[in-house]
Amino acid sequence: MSATERPRVLILGGGFAGVGAAQKLKDADAEVVLVDRHDYHTFQPLLYQLATGLLDTTAVGHSLRDLLERHGRATIHQASVTAVDLDAREVAFEGLAPISYDYLVFGLGAEVNFFGTEGAAEHAFPMYTLPHAVRLKDHLLQLWEAADRDSSLVADGALNVVVVGGGPTGVETAGAIAELYRGDLAKDYRNVAEEDARITLVEAGPELFPMFKPKLREYADKALTDRGVEVKTGTAVASVDPTRVELKSGERLKAHTLVWGAGLQGNPLVQSLGLELQRGNRIGVGPDLTLPGHPEVYVVGDVAAITDSKTGEVLPQLGSVALQSGEHAGETIAARIAGKETKPFAYKDKGTMATIGRGAAVVQFLRGRTMTGAKAQAAWGVVHLALLPTNEDRAKAVVDWAGAAFTHQRVGRITVEAD
Ligand SMILES: Cc1cc2nc3c(=O)[nH]c(=O)nc-3n(C[C@H](O)[C@H](O)[C@H](O)COP(=O)(O)OP(=O)(O)OC[C@H]3O[C@@H](n4cnc5c(N)ncnc54)[C@H](O)[C@@H]3O)c2cc1C
């Protein structure tokens with residue numbers, strides 16, 4: 001018990017999973033403490049729009065204190081978790097005193113996996129955090145400025161971009177960069193030979209979007225090609241340096257930018273827990289999302305390997321899985337504190353979806369129905385609005401997204417550096 005004599009629920013991570021858990025504990029007779037290394041929640045599905053200047057930082061990063069403003073009993077700390085002692089039920093942080101818990105919600109998410117590709121950790125641009133998206137945007141804008149001053153840079157591949165990964169992150173990013181290049185930047189820099197800039201999407205598997213039906217894969221391929229993206233499947237990146245990307249096929253591409261959207265692995269902290277980990281360094285959980293042998297510890301979101309009770313498959317690392325699992329943990333802890341019955345986790349699948357560009361998206365529902373184009377993009381919007389925690393956030397997002405969709409203005413295409 002905490003000093004207040006109420007049980008303490010410690011939530012690690014303010015992503016969809018952690019915030020979902022905190023929201024469901026709002027009325028519980030518990031002291032709730034949420035700790036994240038940032039003071040904001042990142043809406044990852046929109047990172048590519050930040051990276052291409054369509055949305056501003058505050059449309060993608062939301063203050064955690066705002067999100068939990070109405071949560072009277074929640075305390076938020078900004079600190080990095082350094083160690084979790086499951087037996088002592090205590091968590092250590094950098095710059096914050098250790099915190100003990102009665103219940104732990106472990107929602108620290110995943111991080112990029114470069115699969116040991118030579119030079120990737122030093123030179124690639126991953127797309128998983130807010131700083132990643134801002135860094136990529138600044139880098140691209142600086143390259144266009146440089147090419148404007150010295151046109152010989154274009155022939156050296158300064159404007160060429162290689163995007164790795166034929167899943168939603170890679171496809172969305174390649175499509176968005178193509179629209180930024182062929183639209184706004186082509187107009188901004190009339191003296192730069194934009195048509196010489198190559199955007200190449202590289203996927204090691206035989207096709208893009210393996211999780212979708214063949215007709216949606218073909219649609220995605222065509223939508224990318226129409227936007228001027230070259231798609232290379234069946235080959236992987238072997239190595240990368242600041243200006244060149246070498247493929248395993250032996251081809252060497254001139255490109256001063258390699259965007260990495262190809263793989264994830266569980267938060268590195270999981271390796272210190274002494275647990276047997278599942279594929280992608282994820283923690284396996286029971287049907288109620290608790291850690292086997294630790295009924296007080298709930299593992300949720302991207303860091304968890306949750307088996308779908310309907311299909312028997314491990315659920316994908318998606319915002320809706322993270323939110324629903326976090327909410328389930330919050331609801332279950334609240335019920336246990338109140339001495340009520342609890343239920344196992346049951347995922348509600350709202351369909352698999354991805355956007356490729358303006359008016360181009362794909363959706364595949366559980367029973368096999370599919371959608372493409374503007375309708376699919378609207379469905380994407382509805383499902384992703386539901387991921388936002390409050391009605392105020394949803395209203396703000398509608399204004400931001402509608403503004404970006406109608407004006408097509410990339411208001412964020414500025415670089416802000418220290419003088
Ligand atoms: C580019 C991109 C596009 C995506 N698009 C979609 C999409 O269209 N639809 C969809 O459903 N899903 C999408 N996803 C997946 C979705 O965003 C994730 O599944 C979801 O964010 C996972 O939520 P989470 O709470 O588990 O983890 P996260 O959102 O990663 O949150 C983890 C939190 O833990 C914090 N943290 C990590 N380590 C520490 C530490 N040591 N100390 C303190 N805090 C720490 C982080 O700061 C972070 O806030 C996308 C992901 C990416 C990267």
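The structure presented is a predicted model; accordingly, all values stated were derived computationally and were not measured. Numbering starts at 1 and runs along the sequence shown. As the structure lists them, so they are numbered: ligands from 1, and atoms in each ligand from 1.
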Peer 1: Which residue supplies the protein heavy atom nearest to atom 1 (C) of ligand 1, what is that atom called, and how far is it?
Peer 2: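 Scanning the protein heavy atoms, the shortest distance from atom 1 (C) of ligand 1 goes to Met127 O, 3.3 Å.
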Peer 1: Can you tell me which residue and heavy atom of the protein come closest to atom 4 (C) of ligand 1, and the distance to 0.1 Å?
Peer 2: Pro45 CA, 3.7 Å
Peer 1: For Pro168 and ligand 1, answer yes if some heavy atom of the residue is under 4.0 Å from a ligand atom, otherwise no.
Peer 2: no
Peer 1: Do me a favour and list the nearest non-hydrogen protein atom to atom 24 (P) of ligand 1 with residue, atom name and distance?
Peer 2: Ala322 CB, 4.0 Å
Peer 1: Please confirm whether Leu269 approaches ligand 1 to less than 4.0 Å, judged on its heavy atoms.
Peer 2: no
Peer 1: Of all heavy-atom pairs between Gln317 and Asp302, which one has the smallest distance, and what is that distance?
Peer 2: NE2-O, 3.0 Å
Peer 1: Heavy-atom count around Glu118 CD within 6.0 Å, excluding the residue itself: above 12?
Peer 2: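 For Glu118, atom CD is not crowded (no more than 12 foreign heavy atoms under 6.0 Å).
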Peer 1: Taking the side chain as C-beta and beyond, is there a heavy-atom pair between Val362 and Trp380 under 4.5 Å?
Peer 2: no
Peer 1: Among the heavy atoms of Phe93, does any lie under 4.0 Å from an atom of ligand 1?
Peer 2: no
Peer 1: Between Tyr40 and His62, does the ring centroid distance fall short of 6.0 Å?
Peer 2: no
Peer 1: Which residue and non-hydrogen atom of the protein lie closest to atom 51 (C) of ligand 1, and at what distance in Å?
Peer 2: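 That would be Gln44 OE1, 3.3 Å.
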Peer 1: Taking Val81's backbone N and O only, do any of them form a donor-acceptor pair with Arg37's side chain (distance below 3.5 Å, no angle check)?
Peer 2: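 No.
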Peer 1: If you measure from atom 41 (N) of ligand 1 to every heavy atom of Val19, Val81, Leu50, which option wins on shortest distance?
Peer 2: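 Checking each option, the heavy atom nearest atom 41 (N) of ligand 1 is found in Val81.
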Peer 1: Sort and list the pairs that fulfil side chain to side chain donor-acceptor pair (under 3.5 Å) and have at least one residue in residues 66-82, not counting sequence neighbours.
Peer 2: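 Qualifying pairs, neighbours excluded: Arg70-Glu392.
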Peer 1: Would you mind checking which non-hydrogen protein atom is closest to atom 9 (N) of ligand 1, with the distance to 0.1 Å?
Peer 2: His384 NE2, 2.7 Å
Peer 1: Would Tyr128 count as being in polar contact with ligand 1, using the rule that some N or O on each side must be under 3.5 angstrom apart?
Peer 2: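 No, Tyr128 has no N/O under 3.5 Å of an N/O on ligand 1.
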Peer 1: Answer yes or no: are there more than 12 heavy-atom neighbours, outside Glu122 itself, under 6.0 Å from its atom CD?
Peer 2: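 It does: Glu122 CD has more than 12 such atoms within range.
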Peer 1: For atom 12 (N) of ligand 1, which protein heavy atom lies nearest, and how many Å away is it?
Peer 2: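 Closest protein heavy atom to atom 12 (N) of ligand 1: Gly319 N, 3.0 Å.
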Peer 1: Any heavy atom of Thr42 sitting closer than 4.0 Å to ligand 1?
Peer 2: no
Peer 1: Atom 22 (C) of ligand 1: which of Val299, Asp302, Val321, Val91 has the nearest heavy atom?
Peer 2: Asp302
Peer 1: With a distance cut-off below 6.0 Å to the six-membered ring centre and an angular limit of 45° from the axis, does Arg8 pair with Tyr103 as a cation-pi contact?
Peer 2: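 Geometry flag: not set, cation outside 6.0 Å or 45°.
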Peer 1: Within a 6.0 Å radius of atom NZ on Lys310, are there more than 12 heavy atoms belonging to other residues, nucleotides or ligands?
Peer 2: yes
Peer 1: For the rings on Phe43 and Phe16, is their centre-to-centre separation under 6.0 Å?
Peer 2: yes
Peer 1: Is ligand 1 less than 4.0 angstrom away from at least one heavy atom of Ala304?
Peer 2: no
Peer 1: With nothing but distance in play, are any N or O atoms of Gly18 less than 3.5 Å from an N or O of ligand 1?
Peer 2: no
Peer 1: Please write down residue, atom name and distance for the protein heavy atom closest to atom 33 (C) of ligand 1.
Peer 2: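 In this structure, atom 33 (C) of ligand 1 has Asp36 OD2, 3.4 Å as its nearest protein heavy atom.
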Peer 1: Got the closest protein heavy atom to atom 44 (N) of ligand 1, with its distance?
Peer 2: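 Among all protein heavy atoms, the one nearest atom 44 (N) of ligand 1 is Arg37 N, 3.0 Å.
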